[in-house]
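Residue numbers run from 1 in the order of the sequence given.
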Amino acid sequence: MLRSAQHDTSMSPLFLFLSFVALLSALGVVLAKNPVHSVLFLILTFFTLSGHYLLLNAQFLAAVNIIVYAGAIMVLFLFVIMFLNLNEDTEPHKPALAKFAAAIAGGSLLLILVAALRNVSPAGYDPTSFDSQIGMVDRLGMVLFKDYALPFELASILLLAAMVGSVMLGKRETGERNF
């Protein structure tokens with residue numbers, strides 16, 4: 001998204017709309033009684049965050065967020081939820097002490113976040129130093145393969161070992177029984 005040379009102090013209406021929808025859908029994730037509805041609210045949250053990535057000129061992160069998180073991970077979550085067949089009849093009743101402890105833990109987390117962020121002042125937009133290519137794939141690739149080459153290669157070896165291990169665990173020998 002290209003901006004004019006003048007300093008724009010007002011927030012974009014699209015940013016405000018996406019923020020509003022993201023906050024409402026995040027609340028829906030937490031407050032939904034049905035786990036499937038909670039997952040659907042989480043998908044909506046991921047889509048709004050991808051919109052924020054697009055506003056920040058990070059097209060690659062937006063695409064990866066939609067493909068990986070809103071696609072693959074949410075399908076996995078839905079599969080697990082449907083496989084477990086969660087409903088109110090099978091869920092044990094939570095005592096009032098557990099609900100009170102959860103409220104205290106959430107409140108203290110909120111207090112810690114507010115205390116940690118109270119003196120933070122976000123940097124303003126400077127049109128003279130703005131780089132429109134900051135979120136592009138070629139820049140990400142250069143940083144990934146120059147500065148983080150060793151962690152990238154170690155992660156690829158770890159994923160390769162996990163794939164080989166899952167194939168070996170899933171392979172059946174003749175006459176062998178599954179658990």
For this session: Report yes if the side chains of Met74 and Tyr69 come closer than 4.5 Å at any heavy-atom pair, otherwise no.
Result: no
Exercise. Is the closest side-chain heavy-atom distance between Ile66 and Phe46 below 4.5 Å?
Worked result: no
For this session: Is it possible for you to say whether Val137 and Phe145 belong to one hydrophobic cluster, with membership spreading through side-chain heavy-atom contacts below 4.5 Å?
Result: no
Exercise. About how many Å separate OG1 of Thr48 and CG of Asn65, when rounded to the nearest 0.5 Å?
Worked result: 9.0 Å
Problem set entry | Within-4.5 Å side-chain heavy-atom neighbours: Ser38 and Lys33 | no
For this session: First locate atom OH of Tyr53, then atom CD of Gln59, and finally report the distance between them rounded to the nearest 0.5 Å.
Result: 13.5 Å
Exercise. Considering all heavy atoms of both residues, which atom of Gly51 and which atom of Leu18 are nearest to each other, and what is their separation?
Worked result: C-CD1, 3.6 Å
Exercise. Does the side chain of Phe77 reach to within under 4.5 Å of the side chain of Leu42, using non-hydrogen atoms?
Worked result: yes
Exercise. Same cluster or not: are Val64 and Val75 linked, directly or through other Ile, Leu, Val, Met, Phe, Trp or Tyr residues, by side-chain heavy atoms under 4.5 angstrom apart?
Worked result: no
Exercise. Honestly curious: do Leu49 and Phe20 fall in one hydrophobic cluster under the side-chain, below-4.5 Å linking rule?
Worked result: no
Problem set entry | Minimum heavy-atom distance between Ala105 and Ser108, given as atom pair plus value | O-OG, 2.9 Å
Exercise. If Ile, Leu, Val, Met, Phe, Trp and Tyr residues are connected whenever their side-chain heavy atoms lie under 4.5 Å apart, and connections chain through other members, are Leu24 and Ile43 in the same group?
Worked result: no
Exercise. Once you round to the nearest 0.5 Å, how far does CG of Leu159 lie from CG of Leu154?
Worked result: 11.0 Å
Problem set entry | Transitive ILVMFWY side-chain link Phe60 to Phe47, under 4.5 Å | yes
